[in-house]
Amino acid sequence: MHLSSLEHVQDLVARHLDPARPLEVVDVGAHDYHAGSGQPMPGSYRSLFQQPNWRYRGMDLAPGPNVDIVQQSAYRFPLRSRSVDLVISGQTFEHVEFFWLTWLEMVRVVRPGGLIFLLAPSRGPEHRYPVDCWRFYPDGLRALSKFGRLELVEVTTDWHQHADTASAAWGDTVGVFRKPADGAARQRLRALALGILARLLAR
């Protein structure tokens, strides 16, 4: 993980999360591949979620450092629907062949009113693990927001190089998404139903 990615999440945590409120966090694609390597770069986001009433769990397809939950499939999470306050995923979607299916699982497990922090590379060298399929821009995250029927709270892209030499080749597109509360979702469905009814009556 490059330093700029850690800084992005540190900023999101500071601006969007309340340390006083309990928080269930799941990190999708959390394996710390730098653990024990001696490399000076951070390998996970765990250190950013150390508040006493926060619970961070890392999830990945293989057991290893920073992995608390092992998935059997990238497209099915062993988690209950609406059971997580925050889903975070960084430097993972480029390695997921059908990332839109993984996205739907992220949407499924987050609670109404909960958040998703998604970081995906907008540029960087090929790094297959085992594949490297995608790069993302703001419109890509806007499309995911529509696909998952979520509110896109904010989206940014690193258009300029980071000062850290190990991060300079990399750029991320960073999105914050909110799942509508149940009341808001019902209002949307009601408005949709009324719109369909109006069109039918107008025929």
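All values below were derived from every heavy atom in this structure, side-chain atoms included, with hydrogens, water molecules and symmetry-related copies excluded. This chain uses plain numbering: 1 for the first residue, then up along the sequence. Fair warning: this is a prediction, and the values are worked out from it, not measured in the lab.
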Asks: Only one of Val25, Val26, Ile116 passes side chain to side chain contact (heavy atoms under 4.5 Å, CB included) with Leu86; say which it is.
Replies: Val25
Asks: For a quick test of reading the model, state the closest non-hydrogen atom pair linking Arg80 to Ser83 and the distance between them.
Replies: O-OG, 2.7 Å
Asks: With sequence neighbours left out, write down each residue that passes salt bridge (Lys or Arg N to Asp or Glu O under 4.0 Å) with Asp85, or none if nothing qualifies.
Replies: Arg111
Asks: For the backbone of Phe98 and the side chain of Tyr75, can you confirm whether one donor and one acceptor N or O come within less than 3.5 Å of each other?
Replies: yes
Asks: Is the shortest side-chain heavy-atom distance between Arg142 and Val155 below 4.5 Å?
Replies: yes
Asks: Quick one: are Arg149 and Pro180 in side-chain contact, heavy atoms under 4.5 Å?
Replies: no
Asks: Below 4.5 Å, heavy atoms only, C-beta onward: do Leu6 and Leu48 meet side chain to side chain?
Replies: yes
Asks: Report yes or no: does Asp18 contribute a side-chain atom to a donor-acceptor pair with the main-chain N or O of Ala20 at less than 3.5 Å?
Replies: yes
Asks: Shortest non-hydrogen contact from Pro63 to His31?
Replies: O-NE2, 3.5 Å
Asks: Would Val176 and His16 count as a side-chain contact (heavy atoms from CB on, under 4.5 Å) if you check the C-alpha gap in whole Å, the side-chain angles of each, and the deciding distance to 0.1 Å?
Replies: CA-CA 9 Å; Val176 177; His16 292 283; 4.0 Å; yes
Asks: Can you list everything that forms a ring pair (Phe, Tyr, Trp, His ring centres under 6.0 Å) with Phe93? Sequence neighbours excluded, please.
Replies: Phe99
Asks: Could you walk me through whether Arg57 and Leu79 pass side-chain contact (heavy atoms from CB on, under 4.5 Å), step by step?
Replies: CA-CA 11 Å; Arg57 290 178 292 167; Leu79 299 169; 4.2 Å; yes
Asks: Which ILVMFWY residues are connected to Tyr137, directly or by a chain of links, through side-chain heavy atoms under 4.5 Å apart?
Replies: Trp159
Asks: Is there a side-chain contact between Ser81 and Val109 in this structure, where contact means two heavy atoms from C-beta onward sitting under 4.5 Å apart?
Replies: no
Asks: Any sub-3.5 Å donor-acceptor pair from Asp32's side-chain atoms to Asn66's backbone N or O?
Replies: no
Asks: First locate atom CD of Glu126, then atom SG of Cys133, and finally report the distance between them rounded to the nearest 0.5 Å.
Replies: 9.5 Å
Asks: Check whether any side-chain heavy atom of Asp164 sits under 4.5 Å from a side-chain heavy atom of Ser4, and report yes or no.
Replies: no
Asks: List the steps and the verdict of salt bridge (charged side-chain N to carboxylate O under 4.0 Å, His left out) for Arg55 and Asp68.
Replies: CA-CA 11 Å; Arg55 182 169 73 143; Asp68 304 297; over 6 Å; no
Asks: How long is the straight-line distance from CG of Leu101 back to CZ of Arg76, given to the nearest 0.5 Å?
Replies: 11.5 Å
Asks: Could you work out, with salt bridge (Lys or Arg N to Asp or Glu O under 4.0 Å) as the rule, every residue matching Glu154, not counting sequence neighbours?
Replies: Arg15
Asks: Of all heavy-atom pairs between Phe49 and Tyr45, which one has the smallest distance, and what is that distance?
Replies: CD1-O, 3.3 Å
Asks: Once you round to the nearest 0.5 Å, how far does CZ of Phe147 lie from CH2 of Trp100?
Replies: 9.0 Å
Asks: How long is the straight-line distance from CG of Leu141 back to OG1 of Thr157, given to the nearest 0.5 Å?
Replies: 7.5 Å
Asks: Please report the interatomic distance NE2(His2) to OG1(Thr165), rounded to the nearest 0.5 Å.
Replies: 13.0 Å
Asks: Which is it for Val110 and Leu115 under the side-chain contact (heavy atoms from CB on, under 4.5 Å) test, yes or no, and what are the steps along the way?
Replies: CA-CA 7 Å; Val110 74; Leu115 297 173; 5.8 Å; no
Asks: Could you give me the CA-CA distance, side-chain angles and deciding distance for Arg123 and Gln161, then say whether side-chain contact (heavy atoms from CB on, under 4.5 Å) is met?
Replies: CA-CA 10 Å; Arg123 67 172 187 273; Gln161 288 188 345; 4.0 Å; yes
Asks: Indicate yes or no for a side-chain donor-acceptor contact from Gln51 to the backbone of Asn53 under 3.5 Å, with no hydrogens or angles considered.
Replies: no
Asks: Which heavy atom of Trp103 sits nearest a heavy atom of Ser145, and at what distance?
Replies: CZ2-N, 4.5 Å
Asks: Residues two or more places apart in sequence or in another chain: which of them pass salt bridge (Lys or Arg N to Asp or Glu O under 4.0 Å) with Arg128?
Replies: none
Asks: Can you tell me how far apart CG (Leu119) and OG (Ser5) are? Round to the nearest 0.5 Å.
Replies: 5.0 Å
Asks: Hey, does His8 have a side-chain heavy atom less than 4.5 Å from the side chain of Phe117?
Replies: no
Asks: Are the side chain of Asp60 and the backbone of Val67 linked by a donor-acceptor contact shorter than 3.5 Å?
Replies: no
Asks: Quick one, Tyr56 and Leu23 - any side-chain contact, counting heavy atoms below 4.5 Å?
Replies: no
Asks: Which pair of heavy atoms, one from Arg21 and one from Trp54, lies closest together, and at what distance?
Replies: O-NE1, 2.9 Å
Asks: Is a side-chain donor or acceptor of Asp158 paired with a backbone partner of Asp172 at a separation under 3.5 angstrom?
Replies: yes
Asks: Would you please name every residue forming a side chain to side chain donor-acceptor pair (under 3.5 Å) with Arg178, sequence neighbours left out?
Replies: Glu151
Asks: Does His95 reach the main-chain N or O of Val131 with its side chain, forming a donor-acceptor pair under 3.5 Å?
Replies: yes
Asks: According to a 4.5 Å side-chain heavy-atom criterion applied to Ile, Leu, Val, Met, Phe, Trp and Tyr, with indirect links allowed, do Met59 and Leu61 form part of one hydrophobic cluster?
Replies: no
Asks: Mark yes or no for whether Glu94, through its side chain, and Thr92, through its backbone, hold a donor-acceptor pair below 3.5 Å.
Replies: yes
Asks: Donor-acceptor pair, Lys179 side chain versus Val107 backbone, under 3.5 Å?
Replies: yes
Asks: Compare every heavy atom of Gly124 with every heavy atom of Arg135, then report the nearest pair and how far apart it is.
Replies: NH2-O, 3.2 Å
Asks: Transitively linked via ILVMFWY side-chain contacts under 4.5 Å: Trp134 with Trp170?
Replies: no
Asks: So for atom CD, which belongs to Gln72, do other residues, nucleotides or ligands contribute more than 12 heavy atoms lying within a distance under 6.0 Å?
Replies: no
Asks: Would you find a donor on one side and an acceptor on the other, under 3.5 Å apart, between the side chain of Thr173 and the backbone of Phe136?
Replies: yes
